[in-house]
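Basis for what follows: all heavy atoms, side chains included, without hydrogens, waters or symmetry-related copies. In what follows, chains are A, B, ... by sequence order, proteins preceding strands, each numbered from 1. Note that the structure is predicted; figures quoted are calculated from it, not measured.
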2 protein chains.
Amino acid sequence: MTDEKAGPRSRRERPAKAALTRSGIVATAVELMRAEGLARVTMRRLAQELDTGAASLYVYVRNTAELHAAVLDELLGAVDLTPVKETGDWQARLTQVLQSYTAMLLDYPGLAQSALLARPSGKNYLRLIESLLALLSEGGVPKGQAGWGIDLLLQFATATAVEHAGSESAGEWQAAVDAVRTVSAETHPRLAEQGDDLFAGPGDARLEWGIRVLINGISSTPREGTSL
Amino acid sequence: MTDEKAGPRSRRERPAKAALTRSGIVATAVELMRAEGLARVTMRRLAQELDTGAASLYVYVRNTAELHAAVLDELLGAVDLTPVKETGDWQARLTQVLQSYTAMLLDYPGLAQSALLARPSGKNYLRLIESLLALLSEGGVPKGQAGWGIDLLLQFATATAVEHAGSESAGEWQAAVDAVRTVSAETHPRLAEQGDDLFAGPGDARLEWGIRVLINGISSTPREGTSL
DNA sequence: ACCTGAACACCGTTCAAGT
DNA sequence: ACCTGAACACCGTTCAAGT
């Protein structure tokens with residue numbers, strides 16, 4: 001585009017085939033995921049996008065799992081942390097951050113799975129952890145409980161996204177509902193009684209209730225006396 | 001082996017190649033998983049074990065996901081539900097059941113992933129749900145909270161197993177620990193302060209604390225007023 | 001109805017060889 | 001040092017054809 005000043009002889013228009021770099025690879029992977037979903041972000045497909053062979057990527061990325069982890073951290077940059085610096089009920093602000101985190105994962109089915117497997121350690125992940133710790137600290141939650149508690153909160157949000165992601169499940173979900181509905185009141189009295197309510201409710205109400213359950217539990221459950 | 005009485009002409013010794021049935025397929029899949037791990041339970045590998053072609057399996061099983069779900073329900077039969085009928089602290093008994101569930105999943109890395117995706121609906125899954133509902137009911141937990149609560153409890157146990165399963169992570173986990181340890185106290189004061197404790201503690205102490213957090217939260221968090 | 005071979009459209013990862 | 005083609009060892013799923 002800025003070609004006029006380019007210099008003598010103009011060096012070959014083409015796709016330019018920018019030199020490979022780790023960050024270039026990751027950026028292309030993010031693009032590809034936005035366009036076609038994480039399932040398509042394979043070493044081979046990505047290499048094709050970068051106009052090279054799959055083998056070349058292994059210079060910059062250990063394997064597919066590491067690639068997906070890098071993509072995840074990139075996306076984590078989009079989580080809205082502004083509630084952290086605001087004033088007002090800390091529980092409500094914590095809930096907002098977690099909802100933003102969950103919404104991001106729900107936009108990219110499949111990525112949530114990586115998040116559960118990956119023990120991420122990128123810079124955006126660290127920012128998120130720091131923010132959650134700050135909020136729990138503001139709420140007066142003892143440090144030990146806060147430290148283990150953020151793991152619970154993130155795990156819950158992530159697992160919720162994984163479940164929804166797996167939902168090509170119009171069918172599979174119906175099967176589960178039907179199975180519960182068909183159950184005999186003799187053998188499964190409580191299941192028969194509660195039935196539908198087990199699955200009822202919009203996802204966001206369940207997410208919000210779950211977050212409240214965790215905040216309450218984390219705040220009120222000491223870590224000592226861990227021996228049942 | 002009981003060949004003497006077998007009948008006239010003895011019908012071809014060989015592997016016998018028992019006719020395909022859904023339950024035979026699932027049983028073989030379970031065997032194969034125990035021997036080689038879930039990753040090896042593929043349509044092609046399983047077909048090979050059954051001395052047929054992969055295409056033949058599609059008469060009995062919709063796809064790989066359904067196959068894995070069937071294997072999961074089979075394994076769910078091994079969860080120890082005896083604490084349900086005993087007497088004594090309901091919370092302790094609930095914890096025992098969940099620990100048994102988690103231990104089973106930890107034995108078979110990869111299966112936990114299916115559990116999170118699968119919305120299972122097999123008979124052993126229904127028994128488990130019924131048992132958990134019974135215990136929460138015994139504890140006087142309101143029905144609405146109990147119904148949504150079991151989802152939280154199972155999701156937590158399952159997600160914990162998924163995380164540990166992903167742990168070929170001697171390396172990946174170290175990377176995460178190091179990342180937190182290297183963090184600047186300027187930009188991430190709480191992370192720098194808490195540091196190691198985030199990752200500390202044996203898995204079972206964390207599991208047990210998590211279960212307690214959830215039980216406490218579920219018991220004390222009403223479902224109405226779900227609007228933050 | 002059930003079973004099959006063959007095909008289609010893919011994978012991750014390694015490695016010897018080149019530049 | 002970086003990059004590549006080719007190879008190895010696999011996948012899930014469909015479908016026409018057979019029994």
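We find that CG of D51(B) is positioned 13 Å from P of dC3(C), with the value rounded to whole Å. Rounded to whole angstrom, the span from the CG atom of L57(A) across to the C1' atom of dG5(D) amounts to 14 Å. The distance between atom CD of Q48(A) and atom C1' of dA9(C), rounded to the nearest whole Å, is 12 Å. Computed from coordinates, the L20(B) CG to dT19(D) P distance equals 18 Å when rounded to whole Å. When the P atom of dA1(D) is taken as reference, atom CZ of R22(A) falls 20 Å away, rounded to whole Å. Residue N63(A) contributes atom CG, which lies 13 Å from atom C1' of dT14(C) at whole-angstrom precision. Rounded to whole Å, the distance from CG on L50(B) to P on dC3(C) is 11 Å. Between Y60(A) atom OH and dA1(D) atom P the separation is 13 Å, expressed in whole Å.
For D73(A) (side chain) and K123(A) (main-chain N/O), a donor-acceptor pair under 3.5 Å exists by modelled atom type. Side-chain atoms of R44(A) never come within 3.5 Å of backbone atoms of A54(A) as a donor-acceptor pair (strictly under, hydrogens ignored). S100(B) contributes no side-chain N or O that, together with a main-chain N or O of Q96(B), makes up a donor-acceptor pair within less than 3.5 Å.
For the pair I218(A) and I150(A), the minimum side-chain heavy-atom distance is 4.5 Å or more. You'll find the side chain of F156(A) stays beyond 4.5 Å of the side chain of L98(A), heavy atoms only. Counting only heavy atoms from C-beta outward, the side chains of H68(A) and M33(A) never approach each other to under 4.5 Å.
Distances from the side chain of A54(A) to the nucleotides dC2(D), dT13(C), dC3(C) place dT13(C) closest. With distances taken from any side-chain atom of M43(B) to the nucleotides dT13(C), dT13(D), dC15(C), the minimum falls on dT13(D). The side chain of T64(A) approaches dT13(C) more closely than any other nucleotide in the set dG12(D), dT13(D), dT13(C). For T42(A), taking side-chain heavy atoms from C-beta onward, the closest of the listed nucleotides dC11(C), dC3(D), dC3(C) is dC11(C).
dA9(D) sits 24 Å from dA9(C) when the P atoms are compared, rounded to a whole Å. Spacing of P atoms, dC10(D) relative to dC8(C), comes out at 22 Å, to the nearest Å.
Under a 4.0 Å N-O distance rule, the pair R40(A)/E49(A) does not qualify as a salt bridge.
Two residues, A55(A) and R40(B), neighbour DNA chain D, and the one matched to the more 5' nucleotide by heavy-atom proximity is A55(A). If R44(B) and Y58(A) are placed on DNA chain C by their nearest nucleotide, the residue sitting closer to the 5' end is R44(B).
Residue S56(A) is classed as a base contact, given a heavy-atom separation below 4.0 Å to a base.
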- Query: How does DNA chain C look in dot-bracket notation if pairs are Watson-Crick or G-U with both distances under 3.5 Å, crossing ones as [ ], other-strand ones as |?
  - Reply: ||.|||||...|||||.||
